[in-house]
Amino acid sequence: MRVSALLLVTLRDDPAEAEIPSHRLLLRAGYIRRVASGIYAYLPLMWRVLRKVSAIVREEMDATGALETLLPQLQPAELWQRSGRWAGYTAGEGIMFHLQDRQERELGLGPTHEEVITALAADLLRSYRQLPVSLYQIQSKFRDEIRPRFGLMRGREFIMKDAYSFHASAEDLAREFGVMEKAYGRIFRRCGLQALAVEADSGAIGGSASKEFMVTAAAGEDLILRSADGSYAANQERAESVAQPALALEAERCTLLETPAQGTIEALCDAHGFHPSQIIKVILLVARFEQGRAQPVLVSLRGDQQLNEVKLSNALQQDHAQDWGSLLSLQALEATQLADASYLPLGFIGPDLGDAVLRGSPQLESSFLRLADHTALALDCFVCGANRADQHRVGAQWGQHGLAAPMALDVRCALEGDGLIDEPTQTLCSSRGIEVGHIFQLGRKYSEALDARFTNEQGRDEALWMGCYGIGVSRLAQAAVEQHHDEAGIVWPVPIAPFEVVVVIASTKEPVQVELAERLYSELKASGVDVLLDDRNERAGVKFKDAELIGIPWRLVVGRGAAEGVVELVERAGNARRDGAPAELMAALKERLQQQRLGL
RNA sequence: CGGGAUGUAGCGCAGCUUGGUAGCGCACUUCGUUCGGGACGAAGGGGCCGCAGGUUCGAAUCCUGUCAUCCCGACCA
């Protein structure tokens, strides 16, 4: 390909809309253009990258025995109603784009394909003899993200590889999960990414075991906690840990303390010399369930800990979905939701806040669901709000003075410095990550809902065991930029670079240079190298800057030395350069490329 | 949805406080010089100043509304 014919439009200034390096660089280097919020056009260079990533994904998926398919993006609401996800995905904070056709039939634009694939499986799979089977596809997905951001990182339309497997037993599903985990490791390694497999929350997809693959990068949206020896790594949403011990509170008996305007843990500690771990803070939320119940929730936490809403949501879903339908949302209780907000002394609330504050608020249930984190319940003696403005209690104890001990759960965020559960002497450290893949053992959630059954060896009918496995292809490509760039621009890993080599003609006015460059370009092309020829009538500096910005791994410069048969070879990563005879450099280049294509 | 900010040429920005009919850099076109690290000079093209109302003799500028985009939280590949 000749640069003169590439429609290469690079920008000298950073577009104002881009915050993180990868987003800025992809815009500046002419890889993507924003069409609407969270919706991007993949320009020719980007499409080459995406096709290379897809090719690697295909090879590895095919190697596991998975079959490629292409499922519809327009999906009938009926399928989603059968799995029970239609309401959650379309109402309120739901993320599914949905519409009506001319017959007023409801349709959704696929954010994922569990329903469609399970319905197909119910149709196609009859006998254990057909199992196991896995299907995958690579296509655009649609999610009406609450907040699209960072370019391709969180788009509303994005390219995803999703795979679904069907098994006759939980054991075989677990086996496939292991196969996929290994395949994912190879995919990310081959793409030149440093990725880490971590234990994860299963979220809206559901299911039991799940692992996320994180590309470590400062701009990552997730926090990962891991032990130094690598034996444990988990997303903070999921991570469990042993909290650092609380400082013992010395108090003979429970007394009232005047705390004027000290409504925060910090103010309380500053004014009275407490340690945050000696205080119990109370968080009020409202959990909304499918059947319309708006349940006030009161959570007690140790003052130095943070509420983990994912863990709390999961606990609520698990304990109450049976009675009240699935949990739709969990939000802070706003004073404005109460009939009389003056009863709510925010900042001075204790675990025994009376249900009376809810009185006269017909849209809410009349009593709190009271929960506490283990670390809060483990305190023998603590400071907490007195349920009256500007007053706290010191030396309070569970079970005394009406402080009934609520149900204890793990609803706190694991923190850097906490102990490892299995070996508390080891501490956890944290880093940020971009989630590029997620694999789930779904179990029978969808097969039961959609009645996807098969006949087992004993001749009995049973629901299929399912797994699902996703890779954010477009996100992965941007994550690669996030991990591989410098001041001058992108530094693509060879296996996913849009082109492997750019031959730069320093001056197109010099016939000797043009001739030699054309010869080298043809030779590289003939030997199967993805090569660009920068034949533009531009100054050499412009071509060098552009080559660096768009991140081509190798640059072969045909310039001043051309007449004497000398060219220059520069590697983008590290900027090492050497002069030499074309034949010698070409041989070295081809050899090195062979290795780099394999990710070596 | 809550909090914060911004909409002026393809991109980056100034002008707005104190109203008088739009400017700078990059990019683009033509000519000349230059030619291995985003050249220089000359000449040019391109803007319902996000949109709608209002105030005013007069609005990019003041007021009201609205839409869009970005950032911080809830969502996730």
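Each chain gets a letter, A, B and so on, in the order the sequences are listed, and its residues count up from 1. Remember, it's a predicted structure, so these values are computed and weren't measured experimentally.
Taking a cutoff of 4.0 Å between a charged side-chain nitrogen and a carboxylate oxygen, A:Arg28 and A:Asp13 do not qualify as a salt bridge. Comment: A:Lys141 engages A:Asp162 in a salt bridge, judged by a side-chain N to carboxylate O separation of less than 4.0 angstrom. Under 4.0 Å is where a charged nitrogen must lie from a carboxylate oxygen, and between A:Arg154 and A:Glu435 no such pair does. A:Glu584 and A:Arg578 are joined by a salt bridge, as a carboxylate oxygen and a charged side-chain nitrogen come within less than 4.0 angstrom of each other.
As a whole-Å value, the separation of A:Asp162 CG from B:rA77 P is 11 Å. Rounded to an integer number of Å, the gap from CG of A:Asn537 to C1' of B:rG38 is 15 Å. Spacing between atom CZ of A:Phe188 and atom C1' of B:rA77 amounts to 9 Å, rounded to whole angstrom units.
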Short heteroatom pairs, N/O only, protein and nucleotides 24-30 of chain B, under 3.5 Å:
from	atom 1	to	atom 2	distance (Å)
B:rG25	N2	A:Asp13	OD2	3.0
B:rA27	OP1	A:Arg12	NH2	3.2

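Using Watson-Crick or G-U wobble geometry with both donor-acceptor distances under 3.5 Å, B:rU55 finds no partner in any strand shown. Across all strands shown, B:rG47 forms no Watson-Crick or G-U wobble pair with both distances under 3.5 Å. Across all strands shown, B:rC40 forms a Watson-Crick or G-U wobble pair with B:rG32, both key distances being under 3.5 Å. Both distances falling under 3.5 Å, in either a Watson-Crick or a G-U wobble arrangement, place B:rG2 opposite B:rC72. Under the Watson-Crick and G-U wobble criteria, each requiring two contacts below 3.5 Å, nucleotide B:rU18 is left unpaired. Nucleotide B:rG23: paired with B:rC13 (Watson-Crick or G-U wobble, both distances less than 3.5 Å). When both pairing distances are held under 3.5 Å, B:rG7 makes a Watson-Crick or G-U pair with B:rC67.
Listed by residue number, A:Arg28, A:Arg34, A:Ser37 are the residues of residues 28-61 of chain A with a heavy-atom contact under 4.0 Å to RNA chain B. Contacts between residues 555-582 of chain A and RNA chain B, defined by a heavy-atom separation under 4.0 Å, are made by A:Arg555, A:Val557, A:Gly559, A:Arg560, A:Glu568, A:Arg577.
Legend: residues meeting salt bridge (charged side-chain N to carboxylate O under 4.0 Å, His left out) with A:Glu515, ordered by chain and number and at least two apart, are absent. For the salt bridge (charged side-chain N to carboxylate O under 4.0 Å, His left out) test, residues two or more places apart in sequence or in another chain that qualify with A:Glu181 are A:Lys211. Take A:Asn235 and apply the side chain to side chain donor-acceptor pair (under 3.5 Å) test, not counting sequence neighbours, and it matches A:Glu212, A:Asp222. Residues passing the salt bridge (charged side-chain N to carboxylate O under 4.0 Å, His left out) test with A:Arg147, sequence neighbours excluded: none. In this structure A:Glu17 satisfies the salt bridge (charged side-chain N to carboxylate O under 4.0 Å, His left out) test together with A:Arg34, sequence neighbours excluded. A search for side chain to side chain donor-acceptor pair (under 3.5 Å) contacts involving A:Ser4 returns A:Asp535, not counting sequence neighbours.
Pairs of residues two or more places apart, or lying in two chains, that qualify as side-chain hydrogen bond (donor to acceptor under 3.5 Å, both in side chains) and include a residue from residues 36-47 of chain A are A:His23-A:Tyr40.
Annotation: B:rG41 and B:rU34 have their C1' atoms spaced 11 Å apart (nearest Å). Rounded to whole Å, the C1' atom of B:rG45 lies 11 Å from the corresponding atom of B:rU30. Nucleotides B:rU6 and B:rC51, compared at atom C1', are 16 Å apart to the nearest Å. Only the P atoms considered, B:rG50 is 16 Å distant from B:rA68, to the nearest whole Å. Rounded to whole Å, the separation between the C1' atoms of B:rG53 and B:rG12 comes to 32 Å. Separating the C1' atom of B:rC67 from that of B:rU21 is a span of 26 Å, rounded to the nearest Å. Rounded to whole Å, the C1' atom of B:rG25 lies 30 Å from the corresponding atom of B:rC62. One C1' atom belongs to B:rC1, the other to B:rC13, and the distance between them is 32 Å to the nearest Å.
Within 4.0 Å (heavy atoms only), A:Ala16 reaches sugar-phosphate atoms of the nucleic acid but no base atom. Using a 4.0 Å heavy-atom distance criterion, A:Asp14 is classed as a sugar-phosphate-only contact. Within the nucleic acid shown, A:Met96 has no heavy atom closer than 4.0 Å to any nucleic acid atom. Here A:Leu27 lies out of heavy-atom contact (under 4.0 Å) with every strand. Among the heavy atoms of the strands, none lies under 4.0 Å from A:Lys543.
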Side-chain atoms of residues 554-561 of chain A: list all donor-acceptor pairs with protein atoms under 3.5 Å, sequence neighbours left out, distances to 0.1 Å.
from	atom 1	to	atom 2	distance (Å)
A:Trp554	NE1	A:Gln596	OE1	2.8
A:Arg555	NH1	A:Glu548	OE2	3.1

Would you be so kind as to tabulate the donor-acceptor pairs closer than 3.5 Å made by side chains of residues 190-200 of chain A, with sequence neighbours excluded?
from	atom 1	to	atom 2	distance (Å)
A:Arg190	NH1	A:Glu59	OE1	3.1
A:Arg190	NH1	A:Glu60	OE2	2.9
A:Arg190	NH2	A:Glu59	OE1	2.9

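The side chain of A:Arg147 contributes no N or O atom lying less than 4.0 Å from OP1 or OP2 of B:rA74.
Stacking between A:Phe158 and B:rA77 is shown: the ring centroid lies under 5.5 Å from the centre of the six-membered base ring, and the planes differ by under 30°.
Under 3.5 Å, the side chain of A:Arg154 and the base of B:rC76 form at least one donor-acceptor pair of N or O atoms.
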**OP:** Check the pair A:Glu221, A:Arg149 against salt bridge (Lys or Arg N to Asp or Glu O under 4.0 Å), reporting the backbone distance first and the verdict last.
**Re:** CA-CA 11 Å; A:Glu221 294 186 276; A:Arg149 56 178 153 178; 3.0 Å; yes
